[in-house]
Amino acid sequence: MTTLTHRPDTLTRDALAVLQPGFHGTTAPDWLLRRIGEGLTSVGLFGRNIHTPAQLAALTAQLRAERDDILVAIDEEGGDVTRLEVREGSSFPGNYALGSVDDVELTRAVARELGSRLAACGVNLNWAPSADVNSDVNNPVIGVRSFGADPALVARHTAAYVEGLQSAGVAACTKHFPGHGDTAVDSHHALPRIDVDVDTLHARELAPFRSAITAGSKSVMSAHILLSALDQDRPATLSPRILTGLLREELGFGGLIVTDGIEMQAIASTYGIERGSVLAIAAGVDAICVGGGLADEGTVLRLRDALVDAVREGELPEERLADAAARVRALADWARRVRGASGPGAAVQEGTAPGAGTSAAGGPDIGLVAARRAVRVTGTVEPLQEAPYVASFAAVANIAVGDETPWGVAAELTALLPGTEAGTYGSGSGAAEVLAAAGERRIVAVVRDLHRHSWMAAVLDGIREARPDTAVVEMGVNHAEPAGSPHIATYGAAPVCGRAAAEVLTGRSV
């Protein structure tokens, strides 16, 4: 490993510039500020870094004091994937709900409002939207993060989302190129493989990315997936054929190419993060995202030095690293100029975080409007008159969603019907357990992706056999045959979706 004991040279500054690292804590550690001074141009934020909007604004101001054009990135998709509201749950429904409504103006408005909230806190790069076409209904990691299974629908909503987000001064990062929707493997855990022909890829997976490029997406995130029709040997993140040949030359994308988390097992367990980072930059990547799992100074130094050594040993062209660093700095300059043109976001005070019922501008709550429009009801609703028992069935959450963010309808029903009781059940539970806990109360069964979990379906069948009046709320992909009296599909599990479902169940508004 190269150890620097002098002022960083151009090569080392370029190596730092292409990294987008994370860190621990709600204030910037000294090591991070020092590396920013040495050339680091981007920082990634995660739920662990965010406590309140005011704290986040202070954190980004601290970073910007070191470098006024710093790119502050976040993975804020809304819906099930939120970092800004990781402890409360998102005030916005996610892509699947927006796609089910299929109103591009609504999608654009939601993205604009979300972008306004990020900008007000000093965030200027969002690793969103997901442009994946969820063609495999059993996909374990995309699901409700996709606008849907129809390429044309996904394409028009991806473009609207990009336009809305960037109109608020926050750069979009359309992901996961060239499409993670047709996978049965989560790339956080292993390397997924897609074996379809080139024509299918162009007609299905690539359609939303073409729309995003046309809409002016400032960045694109690569996927750690192997597409045999395009490259039989290397995953997209490490493939010159896919990133340079397809994305740059064929599709004409001129913006920033960012990797998905380089420490994800699809790369880390097959190439290692140092080797993976070198291959990624050589393939055409401009920025290495790291920090979801590895968020320490040692990781930054390992990657920096791997890139420097690769150039000095002739493995990575110095011009390619310099070009990547220049693209990062160009986006940072755009973000700085946009922020300067609109003025810094309004000061965020403690306790003033916009939530359900408000918007950043104090106007109508577009998130709740969208969530209400997304709800689909099968059967007849007889509004609950007494406090029910809410049984939530929880499968293991994927890493992108996480398990720290609340979901469901129990809290929202309690607000409308005080005295509501609730329980959460896993794969070892049975119908008898739920029935005993419910007693004489009417049961509201809450599921996510019922079609993917046979244990969940079996328990639900047992409950409905004993209690036919059980209401079912599906908060995941709405693929299983509707069952329940009534069956309510929310197309996402954010609390704002739960609130919309609770209003349907009770005939009341919060």
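Heavy atoms only: backbone and side chains are in, while hydrogens, waters and symmetry mates are out.
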With a 3.5 Å distance limit and no angle check, can you tell me whether S219 reaches the backbone of A172 through a side-chain donor-acceptor pair? yes
Pair L505, L416 - check side chain to side chain contact (heavy atoms under 4.5 Å, CB included), show working. CA-CA 10 Å; L505 285 165; L416 294 170; over 6 Å; no
Is it the case that more than 12 heavy atoms not belonging to Q62 sit under 6.0 Å from its CD atom? yes
Heavy-atom closest pair, residues A374 and T490: CB-O, 4.2 Å
Apply side chain to side chain contact (heavy atoms under 4.5 Å, CB included) to residues Q20 and I288 and explain how you reach the verdict. CA-CA 6 Å; Q20 293 188 346; I288 305 293; over 6 Å; no
With a 4.5 Å heavy-atom cut-off, do T299 and P21 have their side chains touching? no
Sorted by first residue and then second, give each side-chain hydrogen bond (donor to acceptor under 3.5 Å, both in side chains) pair with at least one member in residues 477-489; sequence neighbours left out. N478-Y491
Apply the test salt bridge (charged side-chain N to carboxylate O under 4.0 Å, His left out) to residues E474 and R376: give CA-CA distance (whole Å), side-chain angles for both, the deciding distance (0.1 Å), then the verdict. CA-CA 10 Å; E474 169 63 85; R376 298 290 182 271; over 6 Å; no
Are I50 and V86 packed together at the side-chain level, in the sense that at least one heavy-atom pair is separated by less than 4.5 angstrom? no
Test side-chain contact (heavy atoms from CB on, under 4.5 Å) applied to L118 and T60, I74, L56, V72, the passing residue: I74
Any donor-acceptor N/O pair, E263 side chain to L294 backbone, under 3.5 Å: yes
Should the ring pair H176 and H180 be called parallel, tilted or perpendicular, given that the plane angle runs from 0 to 90° and is split at 30 and 60? perpendicular
Residues N124, W334; criterion side chain to side chain contact (heavy atoms under 4.5 Å, CB included); working and verdict: CA-CA 10 Å; N124 53 18; W334 172 86; over 6 Å; no
Could you tell me which non-hydrogen atom of A57 sits nearest to which non-hydrogen atom of A120, and how far apart they are? CB-O, 4.5 Å
Can you tell me if H451 uses its side chain to pair, donor with acceptor, with the backbone of V137 under 3.5 Å? yes
Any donor-acceptor N/O pair, R372 side chain to R499 backbone, under 3.5 Å: no
If every non-hydrogen atom of E386 is compared with every non-hydrogen atom of L417, which pair is closest and at what distance? O-CD1, 3.6 Å
Taking only residues two or more places apart in sequence or in another chain, which ones pass side-chain contact (heavy atoms from CB on, under 4.5 Å) with S211? A155, A159
Taking side chain as C-beta onward, heavy atoms only, is V409 less than 4.5 Å from M475? yes
For the residue pair A445 and F393, what are the closest heavy atoms and their distance? CB-CE1, 3.9 Å
Could you walk me through whether R64 and R339 pass the side chain to side chain contact (heavy atoms under 4.5 Å, CB included) check? CA-CA 12 Å; R64 206 153 272 120; R339 182 178 177 83; 3.9 Å; yes
Is there a donor-acceptor pair closer than 3.5 Å between any side-chain N or O of E412 and the backbone N or O of A501? no
By side chain to side chain donor-acceptor pair (under 3.5 Å) - contacts of R373 (at least two apart): D103
Side chain proximity check, I443 to L435, heavy atoms < 4.5 angstrom: yes
Validation row: V133, P208 side chains within 4.5 angstrom (heavy atoms): yes
To the nearest 0.5 angstrom, please state how far the CZ atom of R442 sits from the OG1 atom of T420. 12.5 Å
Partner residues of R210 under the side chain to side chain donor-acceptor pair (under 3.5 Å) criterion, sequence neighbours left out: H202
Are the side chain of T174 and the backbone N or O of P129 linked by a donor-acceptor pair below 3.5 Å? no
Looking only at atom types and distance, does a side-chain atom of D449 sit under 3.5 Å from a main-chain N or O of R452, one as donor and one as acceptor? no
Heavy-atom closest contact (R48 atom, T26 atom, distance): O-CG2, 4.0 Å
Taking every heavy atom of E85 against every heavy atom of T405, the minimum-distance pair comes out as O-CG2, 4.4 Å
Find the distance between NE2 (H51) and OG1 (T27) and round it off to the nearest 0.5 Å. 13.0 Å
Name all residues meeting the side-chain contact (heavy atoms from CB on, under 4.5 Å) criterion together with S146; count only those two or more places apart in sequence or in a different chain, and write none if there are none. N134, I142, V154
Do the non-hydrogen side-chain atoms of L63 and L32 ever get within less than 4.5 Å of each other? yes
Within the side chain of Q166, is there an N or O that forms a donor-acceptor pair under 3.5 Å with the backbone of K218? yes
Does a salt bridge link D75 with K175, judged by any charged N lying under 4.0 Å from a carboxylate O? yes
All pairs passing ring pair (Phe, Tyr, Trp, His ring centres under 6.0 Å) where residues 136-160 contributes a residue, at least two apart: F147-H157
Hey, does the side chain of R83 reach the backbone of L45 with a donor-acceptor pair shorter than 3.5 angstrom? no
Just by modelled atom types, is the I213 backbone N or O under 3.5 Å from a matching donor or acceptor in the S217 side chain? no
